[in-house]
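Data first, discussion second: the structure below is written as structure tokens.
Any value given below was found using the heavy atoms of this structure, including those in side chains, with hydrogens, waters and symmetry copies removed. In this chain, numbering begins with 1 at the start of the sequence shown.
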Amino acid sequence: MSEQISEKPFFSCEIPVRWGDMDAFGHVNNTIYFRYFEETRFQWMLQKGIPIGGDSYPVVVTIGCTFFRPVFHPDTLRVDVFISEPGRSSFMATYKVYTSADHENPCSEGYSKIVWVDKATGKSVALPDAVRAWF
């Protein structure tokens with residue numbers, strides 16, 4: 001996982017744990033965390049005014065997650081996002097997920113490398129000025 005540039009999250013949101021997020025073992029399935037990260041990215045792009053469509057858009061090229069303890073329904077999660085390592089066309093996002101019962105110790109941590117791509121060519125392009133301004 002990458003180094004964080006700040007102790008304060010760049011963005012935070014809350015996500016309810018749905019009954020359908022559970023697996024046969026009675027806890028949130030590991031794959032669902034990637035959906036939580038996806039929802040967080042979407043909410044953050046909306047809040048920051050970054051269009052999801054258009055001539056270029058963000059694509060996740062690398063993603064991972066480490067699990068510290070299980071999560072159960074019902075619960076509400078807080079996902080904090082930290083951004084770092086801006087490059088020409090990409091940056092890293094680190095996610096810390098907290099349960100409503102424990103706001104201090106994350107139940108999981110994840111990361112994703114996000115690359116901006118051109119819609120017409122599918123090739124990477126320079127980060128938009130509005131995104132570069134985050135750094």
Side-chain angles (χ1 to χ4, degrees):
M1 227 173 318
S2 60
E3 291 293 316
Q4 295 173 8
I5 60 172
S6 171
E7 290 298 316
K8 184 176 189 270
F10 178 71
F11 179 78
S12 292
C13 72
E14 291 190 346
I15 300 175
V17 174
R18 302 166 302 178
W19 176 253
D21 294 347
M22 310 300 280
D23 63 16
F25 300 109
H27 56 74
V28 172
N29 184 275
N30 61 317
T31 63
I32 300 299
Y33 289 81
F34 296 111
R35 287 289 188 183
Y36 296 153
F37 301 161
E38 175 186 59
E39 180 64 23
T40 301
R41 281 191 308 276
F42 181 74
Q43 294 299 325
W44 132 41
M45 297 288 175
L46 282 177
Q47 185 203 56
K48 301 294 183 182
I50 303 300
I52 301 301
D55 295 336
S56 67
Y57 49 85
V59 173
V60 171
V61 296
T62 305
I63 193 165
C65 190
T66 301
F67 308 97
F68 303 122
R69 65 180 187 281
V71 173
F72 306 93
H73 180 273
D75 206 338
T76 300
L77 305 176
R78 185 185 86 230
V79 182
D80 291 348
V81 180
F82 303 84
I83 59 173
S84 63
E85 302 178 36
R88 182 191 72 82
S89 62
S90 67
F91 62 93
M92 291 298 294
T94 302
Y95 311 90
K96 289 190 176 191
V97 182
Y98 301 85
T99 63
S100 59
D102 188 348
H103 294 286
E104 300 298 319
N105 301 298
C107 59
S108 67
E109 288 184 4
Y111 63 90
S112 61
K113 183 172 186 175
I114 300 168
V115 175
W116 235 262
V117 299
D118 179 85
K119 180 179 181 180
T121 66
K123 305 271 186 202
S124 68
V125 295
L127 292 173
D129 291 340
V131 172
R132 185 147 316 274
W134 297 343
F135 300 94

| said: Nearest 0.5 angstrom please: Q47 CD to S12 OG, how far? | reply: 9.5 Å
| field | Residue pairs passing the salt bridge (charged side-chain N to carboxylate O under 4.0 Å, His left out) test where at least one lies in residues 50-72, sequence neighbours excluded | value | R69-D102
| message | Run the side-chain hydrogen bond (donor to acceptor under 3.5 Å, both in side chains) test against E39 and tell me which residues pass, sequence neighbours left out. | response | Q43
| query | Are any of the side-chain heavy atoms of L77 and T99 separated by less than 4.5 Å? | reply | yes
| task | Any chance you could measure H27, atom NE2, to F72, atom CZ, to the nearest 0.5 Å? | result | 6.5 Å
| request: Scan residues 117-135 for pairs that pass salt bridge (charged side-chain N to carboxylate O under 4.0 Å, His left out), counting only residues two or more places apart or in two chains. | output: none
| field | Reported CD-to-CG distance for the pair E109 and D80, which is rounded to 0.5 angstrom | value | 10.5 Å
| task | Mind checking the CG-CG spacing from D23 to N30? Nearest 0.5 Å is all I need. | result | 7.5 Å
| message | Suppose we screen for side-chain contact (heavy atoms from CB on, under 4.5 Å). Which residues come up paired with F42, at least two apart in sequence or across chains? | response | L46, I52
| field | Residue from W134, F82, F135 passing ring pair (Phe, Tyr, Trp, His ring centres under 6.0 Å) with F10 | value | W134
Under 3.5 Å, sequence neighbours excluded: what are the donor-acceptor pairs made by side chains of residues 15-22?
from, atom 1, to, atom 2, distance (Å)
R18, NE, D21, OD1, 3.0
R18, NH2, D21, OD1, 2.7
D21, OD2, R18, N, 3.0
D21, OD2, Y36, OH, 2.7

| With R41, which residues qualify under salt bridge (charged side-chain N to carboxylate O under 4.0 Å, His left out), at least two apart? | none
| query | Would you say F37 and C65 make side-chain contact, with heavy atoms under 4.5 Å? | reply | yes
| request: Check whether any side-chain heavy atom of V60 sits under 4.5 Å from a side-chain heavy atom of F34, and report yes or no. | output: no
| field | side-chain hydrogen bond (donor to acceptor under 3.5 Å, both in side chains) partners for S89, two or more places apart | value | none
| note | Distance col, row Y98:OH vs S108:OG, nearest 0.5 angstrom, shows 10.0 Å
| query | If you round to the nearest 0.5 Å, how far is CZ of R78 from CD of E14? | reply | 8.0 Å
| Test ring-ring contact (aromatic ring centres under 6.0 Å, His included) applied to Y33 and F67, step by step | CA-CA 9 Å; Y33 289 81; F67 308 97; 4.9 Å; yes
| said: If the condition is side-chain contact (heavy atoms from CB on, under 4.5 Å), which residues does S56 pass it with, not counting sequence neighbours? | reply: W116, V125
| query | Is the count of non-hydrogen atoms from other residues, nucleotides or ligands lying under 6.0 Å from F68 atom CZ greater than 12? | reply | yes
| remark: Closest non-hydrogen atoms of S84 and F91, given as atom of the first, atom of the second and distance, are O-CB, 3.5 Å
| task | With sequence neighbours left out, write down each residue that passes salt bridge (charged side-chain N to carboxylate O under 4.0 Å, His left out) with E38, or none if nothing qualifies. | result | R35
| task | Given side-chain contact (heavy atoms from CB on, under 4.5 Å), test Y95 with S112 step by step and report yes or no. | result | CA-CA 8 Å; Y95 311 90; S112 61; 2.6 Å; yes
| Apart from V61 itself, which Ile, Leu, Val, Met, Phe, Trp or Tyr residues share its cluster (side-chain heavy atoms under 4.5 Å, direct or through members)? | Y57, V59, V115, V117
| task | Just jot down the side-chain hydrogen bond (donor to acceptor under 3.5 Å, both in side chains) partners of S124, sequence neighbours excluded, or say none. | result | R88
| field | Minimal non-hydrogen separation, G87 against L127, with atom names | value | O-CD1, 3.6 Å
| field | Any residue meeting side-chain hydrogen bond (donor to acceptor under 3.5 Å, both in side chains) with T62, in chain and number order, not counting sequence neighbours | value | none
